Engineer: 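One structure, pasted below without further comment.
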Amino acid sequence: MNITTSLAADITPHGSDYEIVSRVVEMLTENYRDQPSLEVIAAEIGQPPTQLQKTFTRWAGLSPKAFLQAVTLDHAKRLLRQEELPLLETSFEVGLSGPGRLHDLFVTHEAMSPGEWKQRGSGLTIRYGFHPSPFGVALVMVTDRGLAGLAFSDAGGEKASFEDMANRWPNAQYVEDSAATAAYAARIFDSREWRPEEPLRIVLIGSDFQIRVWETLLKIPIGKAVTYSDIACNIGQPTASRAVGAAVGRNPISFVVPCHRALGKSGALTGYHWGLTRKRAMLGWEAGKV
């Protein structure tokens, strides 16, 4: 499958921030028990400490130290302990969002019918484009019914991320159209555009079970997390944690449908389709928004 990839104008202040951040995240993941100082981190990355401080503050609104605290296992456990409130019983549709949604991306969704899903994209036109984002290169895929896909890659991995997504709906027609997807990218990653009166329209394309799992993910506010078993209980299948994990891994609209907020029972991050470094980065980035 031959595709031509090009990046639109950057929608973040500095397009190289995620490259630096991802290196720091990888370092902190390996050495988080040591709580390395800013100077140690900067020396390892090859940046002056003041420059690294500015990069993190610009990217996430957090210092490297605060970011480290936001991605540790202890913090994940605290997020889970906060979920004693009936979080997953709250509405996830626009108009019924509580205080926990104050800083969140507002979404309204519809699901394709089982018949449409079984056609594996037949008769569907999907427009796509590659755009810089706070988490690397974002592949945005849209239909006339709304956002249908969001994937991530590092620079140079665009072709692989496209093929990964296109293989989910092999019978669809794909049209590269960055002009059609640019507005979606800006809405998704610029938190100034997160307005309840103008929700982002998305369309879920999956099996009935997958859609129920993805709808449950939409209930998790920014700055919170739940376990796979929580999700299984919420959809009425408490013994289906493993199947839930598989459905979470097949979520086609990453970040918007926040599968990165699903954790293991211990608070461990477990897996993430687009890489654990990116999952940690998302959680840390969101910590700077709440």
Side-chain angles (χ1 to χ4, degrees), residues 1-12 15 18 94 105-195 197-207 210-211 214-215 217-218 249-260 273-275 278 282:
M1 187 180 297
N2 295 319
I3 62 170
T4 302
T5 63
S6 57
L7 295 182
D10 200 344
I11 60 172
T12 56
Y18 179 70
V94 171
L105 173 62
F106 290 85
V107 169
T108 183
H109 82 281
E110 64 174 293
M112 287 197 172
S113 69
E116 289 175 305
W117 172 69
K118 288 178 180 177
Q119 293 176 15
R120 306 187 73 192
S122 179
L124 192 65
T125 297
I126 297 178
R127 300 184 180 276
Y128 70 93
F130 295 92
H131 303 273
S133 84
F135 313 112
V137 180
L139 167 59
V140 179
M141 310 181 90
V142 302
T143 72
D144 58 1
R145 294 160 71 172
L147 178 71
L150 180 59
F152 295 95
S153 68
D154 296 327
E158 295 91 342
K159 183 174 185 291
S161 67
F162 176 83
E163 291 181 343
D164 182 308
M165 296 296 291
N167 285 335
R168 302 170 190 232
W169 313 299
N171 297 329
Q173 178 183 1
Y174 292 90
V175 178
E176 185 172 17
D177 188 353
S178 294
T181 56
Y184 281 88
R187 286 284 307 281
I188 293 165
F189 300 115
D190 185 348
S191 58
R192 295 170 297 183
E193 298 293 324
W194 296 358
R195 295 189 293 269
E197 66 273 15
E198 295 182 16
L200 177 71
R201 289 192 308 122
I202 68 172
V203 56
L204 302 175
I205 308 174
S207 69
Q210 288 174 330
I211 288 172
W214 301 338
E215 286 177 335
L217 292 173
L218 284 170
R250 294 295 293 172
N251 168 30
I253 314 179
S254 295
F255 184 69
V256 172
V257 178
C259 52
H260 59 285
H273 190 78
W274 306 110
R278 194 164 274 110
M282 288 178 178

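Please read all numbers here as calculations on a predicted model, not as lab measurements.
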Engineer: Return the orientation label for the F255 and F135 ring planes: parallel under 30°, perpendicular over 60°, tilted otherwise.
Structural biologist: tilted
Engineer: Hey, are the side chains of M165 and L139 touching, using non-hydrogen atoms and a 4.5 Å cut-off?
Structural biologist: yes
Engineer: Taking all non-hydrogen atoms of both residues into account, name the closest pair between V203 and G146 and its distance.
Structural biologist: CG1-O, 3.9 Å
Engineer: Once rounded to the nearest 0.5 Å, what's the spacing between atom CE of M141 and atom CD1 of I126?
Structural biologist: 5.0 Å
Engineer: Which residue pairs pass the salt bridge (Lys or Arg N to Asp or Glu O under 4.0 Å) test with at least one member in residues 132-143, sequence neighbours excluded?
Structural biologist: none
Engineer: Taking atom types as modelled and ignoring hydrogens, do the side chains of W274 and S153 form a donor-acceptor contact shorter than 3.5 angstrom?
Structural biologist: no
Engineer: Go through the steps to decide whether V175 and T125 satisfy the test side-chain contact (heavy atoms from CB on, under 4.5 Å), and finish with yes or no.
Structural biologist: CA-CA 7 Å; V175 178; T125 297; 4.1 Å; yes
Engineer: Is there a side-chain contact between Q119 and N171 (heavy atoms, below 4.5 Å)?
Structural biologist: no
Engineer: Of all heavy-atom pairs between L200 and L147, which one has the smallest distance, and what is that distance?
Structural biologist: CD2-CD2, 4.1 Å
Engineer: Side chains of H273 and N251: do they bring a donor and an acceptor to under 3.5 Å?
Structural biologist: no
Engineer: In plain terms, say whether R278 and D154 are close enough for a salt bridge, that is, a side-chain N and a carboxylate O under 4.0 Å apart.
Structural biologist: yes
Engineer: Got a second to check how far I205's CD1 is from L124's CG, nearest 0.5 Å?
Structural biologist: 5.5 Å
Engineer: Answer yes or no: is there a side-chain heavy-atom contact under 4.5 Å between V107 and P199?
Structural biologist: no
Engineer: Check whether E163 reaches the backbone of A160 with its side chain - one donor and one acceptor, N or O, closer than 3.5 Å.
Structural biologist: no
Engineer: Using the side chain to side chain donor-acceptor pair (under 3.5 Å) criterion, which residues pair with R120? Sequence neighbours excluded.
Structural biologist: none
Engineer: Which atom pair, heavy atoms only, marks the closest approach of A148 to P252?
Structural biologist: O-CB, 3.9 Å
Engineer: If every non-hydrogen atom of Y128 is compared with every non-hydrogen atom of Y174, which pair is closest and at what distance?
Structural biologist: CE2-CB, 4.0 Å
Engineer: Please find the pair of heavy atoms, one from I211 and one from A111, that lie closest to each other, and give the distance.
Structural biologist: CD1-CB, 3.6 Å
Engineer: Hey, does the side chain of R168 reach the backbone of R250 with a donor-acceptor pair shorter than 3.5 angstrom?
Structural biologist: yes
Engineer: Show me the pairs that pass salt bridge (Lys or Arg N to Asp or Glu O under 4.0 Å) and involve residues 123-137, at least two apart or across chains.
Structural biologist: R127-D177
Engineer: So how far is it from Y184 OH to F189 CZ, rounded to the nearest 0.5 Å?
Structural biologist: 14.0 Å
Engineer: Using a 3.5 Å distance criterion without hydrogens, assess whether the side chain of R201 forms a donor-acceptor pair with backbone atoms of R145.
Structural biologist: yes
Engineer: For H131 and T181, run side-chain hydrogen bond (donor to acceptor under 3.5 Å, both in side chains): C-alpha distance rounded to whole Å, both residues' side-chain angles, the deciding distance at 0.1 Å, then the answer.
Structural biologist: CA-CA 9 Å; H131 303 273; T181 56; 2.7 Å; yes
Engineer: With side-chain contact (heavy atoms from CB on, under 4.5 Å) as the criterion, how do F152 and S254 come out once you've worked through the C-alpha distance, each side chain's angles and the decisive distance to 0.1 Å?
Structural biologist: CA-CA 8 Å; F152 295 95; S254 295; 3.9 Å; yes
Engineer: Might you point out which heavy atoms bring E158 and F130 nearest each other, and give the distance in Å?
Structural biologist: CB-CE2, 3.4 Å
Engineer: If you apply the rule side-chain contact (heavy atoms from CB on, under 4.5 Å), what do you find for L150 with I202, and how did you get there?
Structural biologist: CA-CA 11 Å; L150 180 59; I202 68 172; over 6 Å; no
